[in-house]
There are 2 protein chains.
Amino acid sequence: MVGNGRTPSVKDVAAAAGVSLGTVSNVMNRPEVVSPATRERVERAMAELGFVRNESARQLRAGTSRTLAYVMLDGGNPFFHDVAQGIELAAEDADLSLFICTSNGRADREAVHLDRLMQQRVQGVLITPVNPDAPHLAEISRRGIPVVIVDRVGAGGAFCSVAVDDVLGGRIAVEHLAEQGHTRVAVVGGPESLGQVRERLEGARQVWAELGLPAEDLIYLPTEALSVAEGRSAGERLAGIPARRRPTAAFCANDLLALGLLQQSIGAGLRVPEDLAIVGFDDIEFAAAAAVPLSSVRQPRQELGRAAAQLVLEEAAGGRHEHQQLSFVPELVARASTVLRPKVF
Amino acid sequence: MVGNGRTPSVKDVAAAAGVSLGTVSNVMNRPEVVSPATRERVERAMAELGFVRNESARQLRAGTSRTLAYVMLDGGNPFFHDVAQGIELAAEDADLSLFICTSNGRADREAVHLDRLMQQRVQGVLITPVNPDAPHLAEISRRGIPVVIVDRVGAGGAFCSVAVDDVLGGRIAVEHLAEQGHTRVAVVGGPESLGQVRERLEGARQVWAELGLPAEDLIYLPTEALSVAEGRSAGERLAGIPARRRPTAAFCANDLLALGLLQQSIGAGLRVPEDLAIVGFDDIEFAAAAAVPLSSVRQPRQELGRAAAQLVLEEAAGGRHEHQQLSFVPELVARASTVLRPKVF
DNA sequence: ACGCGACTTTGAAATGTTTCAGACGCCGTG
DNA sequence: CACGGCGTCTGAAACATTTCAAAGTCGCGT
């Protein structure tokens with residue numbers, strides 16, 4: 001607490017407490033080996049000087065960092081926040097800090113972030129990559145930093161990964177719509193460069209074929225991004241389809257799209273779900289809060305994050321390690337946007 | 001790229017390139033002082049060995065960190081993401097990394113994060129604090145780390161701060177409702193320990209009094225948090241008020257509350273805005289995307305973040321520095337939740 | 001009185017950079 | 001030919017910690 005200029009170091013603390021450097025270090029890292037009396041004296045000195053350990057020096061010497069990093073794909077999508085939350089919880093338990101970066105879908109930003117993370121020698125990297133085959137990931141991993149892919153399964157098992165079964169997710173969404181009697185369904189999503197999108201659509205097509213429905217009645221509306229605005233634009237295109245051919249239901253590759261589509265449709269005077277049933281993907285909090293609560297394929301978002309963190313820690317702990325691809329099972333949450341339910345007024 | 005075990009250091013690079021340590025360092029930090037030939041040789045060596053600079057060592061010696069930190073108040077609120085985005089942009093320009101943490105409204109988490117940030121000797125801290133008078137903030141600042149308060153004005157001008165005028169925001173929201181002819185209005189928000197909430201409500205009360213409307217017709221519905229769920233609960237309480245006394249409009253302290261209230265009201269069969277007009281605060285993206293697009297008091301979210309980052313950098317740059325309290329002017333965005341507009345079908 | 005083990009404390013080395021005063025070579029000038 | 005200056009490169013010190021072998025200290029049983 002003294003305003004003597006420079007911020008105090010262990011040396012200052014040692015001097016103030018009348019002990020050696022090593023003892024001060026022991027108080028911080030192995031308190032059990034130092035006698036209660038000295039420990040107390042050192043602690044008082046630290047408090048008086050307002051000592052704060054220099055993490056860079058610690059890390060340099062100890063060789064081990066105390067931080068994990070998560071590189072998010074889209075900061076604007078609450079889904080990733082819930083995942084981050086799960087990671088943070090696990091990090092907290094392991095007494096680590098969590099560094100959150102966001103690539104916002106840009107490979108170059110992602111590369112910059114990864115580069116910096118290597119320089120910081122973080123203990124592990126969790127990432128929802130723009131492209132899971134990016135050479136950066138392989139390189140970072142080769143350097144001995146554990147990498148786990150979140151919400152995507154890694155290329156060729158080169159990393160651990162945690163994801164839900166997106167194909168299955170697509171299946172149950174469309175299956176649900178079919179059960180409600182829909183025989184002309186739109187699937188909306190894009191860009192197809194995103195694996196999540198490809199697989200969800202793939203699941204939709206699979207189940208459609210298995211149900212023996214004609215392929216041309218599953219109408220694909222591509223979008224440029226997974227955003228609310230793109231959802232609205234898809235809605236406009238949908239409205240443009242001649243009534244006889246127009247789908248009576250839509251499966252959106254995520255909730256942001258679904259929300260946009262929902263808003264556009266209602267604004268255009270359609271009733272949901274009577275005129276158009278909608279099911280989304282992710283089950284973000286805003287899905288339930290939409291004016292017509294949105295049916296959605298739920299991912300266990302926090303759980304995803306937590307499991308990913310566990311994997312990264314396990315790999316960081318060393319010992320024998322087999323890369324694992326954890327796959328969670330998605331679950332349909334049916335709400336008013338697909339099923340008419342008696343409402344109590 | 002050689003798999004020789006340990007990760008290579010400057011020393012290894014120097015050896016490989018046949019130069020001294022200092023030269024390698026110069027290549028990285030002052031390329032102009034080294035001759036093109038040597039520089040090229042060193043660069044090749046770095047590439048071949050796969051050298052990655054150790055940031056801890058750099059920071060330890062150079063004494064300066066290359067990261068900024070933002071401690072968010074609520075990770076679940078998209079508003080703070082837009083702010084973070086603004087900060088990130090500014091950080092990117094200054095070639096710094098941004099460390100994002102979230103306190104989720106808990107003072108203890110906030111303290112833990114701040115402590116770690118001090119240990120890391122970050123270059124500056126941006127924070128939307130649980131409580132701007134927290135001693136931690138003063139301490140961190142006393143240590144010479146610039147602190148700027150975001151979305152809140154700092155206690156007694158001890159720090160820089162960036163915020164919108166929340167009182168004014170409350171005023172224009174209620175003024176707008178009054179203009180639409182409402183004479184019984186609910187204000188919903190809480191907890192009152194949040195300064196944002198107190199001031200927004202204060203603005204509402206001010207303008208109500210100035211309009212000469214009876215105080216008892218401005219009905220306060222307190223909430224425990226600024227969340228969608230609490231908004232719904234407020235909706236239930238609102239519905240419980242006898243029709244003669246029931247407000248015809250509501251001003252919510254943020255958009256999350258407004259969205260919850262909107263959903264609950266529509267679900268209960270009310271028409272918005274005919275039976276209940278709603279105005280929120282923040283103008284998050286989901287506000288416009290709600291089934292009944294939400295009127296809201298817009299804050300220049302990215303701009304807030306950018307300005308805050310600029311302030312922190314300015315203070316970090318040293319030189320004479322006066323703490324400033326930047327205040328932005330909020331702006332009402334009127335949408336369908338308060339005004340009936342002809343729609344085109 | 002002595003030796004032994006348990007518990008504490010010490011001091012120096014090591015970590016990977018940056019910085020800076022100086023050394024070196026070379027050229028043009030007086 | 002000596003000299004100063006310039007451009008380039010070097011070597012050692014410094015940064016704040018952790019770690020670890022070794023040295024002390026103490027009490028106790030013989």
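Numbered from 1 within each chain, the chains take letters A, B, ... in sequence-line order. Every heavy atom of this structure was used, including side-chain atoms; hydrogens, water molecules and symmetry mates were not.
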Taken to the nearest whole Å, CG/B:Asp12 to P/C:dG16 is 9 Å
- Query: Is it true that a side-chain atom of B:Gln196 and a backbone atom of B:Asp151 form a donor plus acceptor pair closer than 3.5 Å?
  - Reply: yes
* Pair B:Ser161-B:Gln325, side-chain donor/acceptor within less than 3.5 Å -> yes
Sequence neighbours excluded, the answer for salt bridge (charged side-chain N to carboxylate O under 4.0 Å, His left out) partners of A:Arg116 is B:Asp95
Taking only side-chain N and O atoms of A:Ser20, does any of them lie within less than 4.0 angstrom of OP1 or OP2 on C:dT9? no
Letter by letter from the 5' end, nucleotides 14-20 of chain D scores (B base, S sugar-phosphate only, - none; protein heavy atoms under 4.0 Å) BBBBBB-
Item to check | Pair B:Tyr70-B:Leu98, side chain to side chain contact (heavy atoms under 4.5 Å, CB included): steps then yes or no | outcome: CA-CA 7 Å; B:Tyr70 178 40; B:Leu98 209 218; 4.1 Å; yes
Salt bridge (Lys or Arg N to Asp or Glu O under 4.0 Å) pairs touching residues 17-41 of chain B, sequence neighbours excluded, are B:Glu40-B:Arg44
Given side chains that start at C-beta, do those of B:Phe79 and B:Met72 come closer than 4.5 Å, heavy atoms only?
-> no
How is A:Ser35 classified with respect to the nucleic acid when contacts are heavy atoms under 4.0 Å: base, sugar-phosphate, or nothing?
sugar-phosphate
Atom CD of A:Gln120 and atom P of C:dT17 are separated, to the nearest Å, by 14 Å
Taking any heavy-atom pair under 4.0 Å as a contact, classify B:Ser56: base, sugar-phosphate, or nothing. nothing
